[in-house]
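What you see below is based on every heavy atom in this structure, not just the backbone, and it leaves out hydrogens, waters and symmetry mates. A, B, ... follow the sequence lines: proteins, then strands. Residue 1 opens every chain. What you are looking at is a predicted structure, and each value in this text was computed from that prediction instead of being measured.
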Amino acid sequence: MTRPLLELTDLKVVFDTDEGVLAAVDGVGFSIQRNEVLGLVGESGCGKSVTAMSMLSLIPSPPGRIVSGRALFDGRDLISLSHQELRQIRGRRISMIFQDPMTALSPLHRIGNQLAEVWAIHSSMKNREALERAREWLGKMGIPDPGDAISAYPHELSGGMQQRVMIAMALMLDPELVIADEPTTALDVTTSAQIFELLHEMRRDRTSILLITHDLGVVWETCDRVLVMYAGKLVEEAPVRELFRQPAHPYTRELLRSIPGFDPDRELYAIKGQVPSALNYPAGCRFHDRCPDAFGRCEQEEPPLYVLSGGRRSACFLAEKWVS
Amino acid sequence: MNPEPLLTVRDLKTWYPIRRGVLNRAMGFVRAVDGVSFSLEKGRTLGLVGESGCGKTSLGRSLAGLEVPRSGEVLFRGEPVPPGNRRGKIWHKRIQMIFQDPFSSLNPRMTVMDIVTEGMAEHGMLKGSREQAAREVVSRVGLDPDAVFRYPHEFSGGQRQRISVARAVSLNPELVVCDEAVSALDVSVQAQVIRLLKRLQEELALSYLFISHDLAVVSTLSHEVAVMYLGKIVEYGPTAEVLHKPQHPYTQALLSAVPRPGKEKTHRIVLPGEPPSPARPPSGCRFHPRCPQAMEVCRSVDPDARTRGPVQVWCHLY
């Protein structure tokens, strides 16, 4: 196998709060291959966004602290890079699409200028040419009347159109990796469908996407591989079809069962209990008190991330049983 | 069975004036709800689906008395319900609402006990002590009775939504308008709250108007579904019929846009453009500028309801 585009190892991130030290991400490691769409799923507070933000030094510090971890990108560790060096990579070789385009775009600057700024920072392009390019890109993004859109302010565009602007901004410099954090969560389903269609079309063959989402339907349709996080830990990794066909961790299985289907007669399943607080994780496996398959060992000992066949990993003592 | 349905809505219109100029005169109207009719039986759930701006929330708020409709009729067991501004206390007891955001819909300065018993006190429903009443109500929604002394910020999103549910059911209402009640919650928490709503419906014979943009969620607890587009209902019928055999091109597009885990991707109908502004709805059928099957007649004539088996559909194709 060729060298991965990005390799994250043993990432630990904590937040210092008044109530104590909050372990947001606890020993997460994975790799992103070239030209793949990797999904990172989990529920609110599981650490999925913090994981991605930490790789680009985008977590607010303080209160956030990266305790350990390496993120090797093209032979260099992103986490130990200086701000100066990181700036050469961030935006150009790795870009981000955030959930809420309304807060990610500056309300005080016209769309065209915000797009042109990307070239101004990362190349020596003249302003006029940059604006012309911005107009072209807005057209490519399916924005009607791109000539008008470049002189519009973000609030004059709908949420879907704003997100198209964000995508243009993220893809304009042809990055190797795009980190998309819940890119369509704020949008309607039909708009979301348009955005994913666009993302697929616009993605050059060599661009990888790390898609952070809580929506398993979106994962199913867009991702090649999936990582599942629970309570700050990576609990499962699998190719997307395998994950849905035969989850190798009880949390994944229970989560999949609680997705509402289109079947009014089926009784909806719910996982008992609640996600534990990051201030106070239970001993042993963090899912043990909600897990229907838990046994003695799960309460005392934290399961390692077992490597299974077929590129799968699972942090469950019974992992082999679930996939056999 | 009672011949009168619990709730009948006839040609309801809720318009918001667009005020401009020094005289603050209405220059036009945002036609959020523009002629909606449906009925809801006791103990049943009507799911109301549609995208942002289709008027589903305005419709729910109009029924709960939080907006004043411009015209139309709302009947509760045949008895006319006065509009929100002229509505007596009794109606707030009969019709309750659960809001989307469990963070802004609970007063942060009130304890859970005050939140869930405020309405009961107002309506003279407190028999014993306030604490006793509060304990009963919160345990009914699956919270620890000791939670009554705590404040909303001490709870997670799912638990807060349980508090909202407790507040709504504390008055023994007959109709609960749930406006995106589970949309802000994670899948596993969402499933828990949906199950809670279903259990309460069985125990208390509640009727729900369940408003959501999420078709999958709606399918789990609705007996009937109404699909709204730009202020009007475009398709209305039993849940299984509407979701499995959608007839209106908009319903078809909406359903095909939902990614379903485990299902092979079917042909996706990607609609061009965006919904037009409800201040200037298109002529004829409001969906025609985006409809993949639009015909000449759709541009000029607003379709009326066609009955197709158990389903009503507002479309010229039928």
[X] [atom1] to [Y] [atom2] distance, which is reported to the nearest 0.5 Å:
X	Y	atom1	atom2	answer
B:L197	A:L268	CG	CG	11.0 Å
B:D186	A:L255	CG	CG	8.5 Å
B:S188	A:Y251	OG	OH	5.5 Å
A:H214	B:L185	NE2	CG	10.0 Å

Using non-hydrogen atoms only, which part of [X] is less than 4.5 Å away from chain A: side chain, backbone, both, or neither?
X	answer
B:H223	neither
B:V187	both
B:L271	both
B:P272	backbone
B:R195	side chain
B:L254	both
B:I269	neither

How about residues 142-165 of chain B versus chain A: which residues have heavy atoms under 4.5 Å apart?
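Heavy-atom contacts from residues 142-165 of chain B to chain A are B:S156, B:Q159.
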
Does the side chain of A:T190 come under 3.5 Å of the side chain of B:E51 through a donor N or O and an acceptor N or O?
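The criterion, which ignores hydrogens and geometry beyond distance, is satisfied for B:E51 and A:T190.
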
Atom pairs and distances, side-chain donor-acceptor, residues 226-238 of chain A, under 3.5 Å, sequence neighbours left out:
{"residue": "A:Y230", "atom": "OH", "partner": "A:R290", "partner atom": "NH1", "Å": "3.2"}
{"residue": "A:K233", "atom": "NZ", "partner": "A:E302", "partner atom": "OE2", "Å": "2.6"}
{"residue": "A:E236", "atom": "OE1", "partner": "A:A248", "partner atom": "N", "Å": "3.2"}
{"residue": "A:E236", "atom": "OE1", "partner": "A:H249", "partner atom": "N", "Å": "3.1"}
{"residue": "A:E236", "atom": "OE1", "partner": "A:T252", "partner atom": "OG1", "Å": "2.7"}
{"residue": "A:E236", "atom": "OE2", "partner": "A:A248", "partner atom": "N", "Å": "2.8"}
{"residue": "A:E236", "atom": "OE2", "partner": "A:R312", "partner atom": "NH2", "Å": "2.8"}
{"residue": "A:E237", "atom": "OE1", "partner": "A:R313", "partner atom": "NE", "Å": "2.8"}
{"residue": "A:E237", "atom": "OE1", "partner": "A:R313", "partner atom": "NH2", "Å": "2.7"}
{"residue": "A:E237", "atom": "OE2", "partner": "A:R225", "partner atom": "NH1", "Å": "2.4"}

Please classify the contact between [X] and chain B as side chain, backbone, both or neither, with a heavy-atom cut-off of under 4.5 Å.
X	answer
A:F196	neither
A:E254	neither
A:R257	neither

Any idea which of A:V275, A:L256, A:I259 has the most non-hydrogen atom pairs under 4.5 angstrom with chain B?
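Ranked by contacts with chain B, first place is A:I259.
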
Looking only at heavy atoms, which two atoms of [X] and [Y] are closest? And how far apart?
X	Y	answer
A:F244	B:P261	CE2-CB, 3.2 Å
B:T220	A:P260	CG2-CB, 3.3 Å
B:Q192	A:G273	NE2-O, 2.9 Å
A:E221	B:R268	OE1-NH2, 2.9 Å

Just wondering, more than 12 heavy atoms not from B:R199 lying within 6.0 Å of its CZ?
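More than 12 heavy atoms, drawn from other residues, nucleotides or ligands, come within 6.0 Å of this atom.
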
Pick from B:V193, B:L215, B:D214, B:V189 with the largest number of heavy-atom pairs that fall under 4.5 Å of chain A:
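If we count pairs closer than 4.5 Å to chain A, B:L215 comes out on top.
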
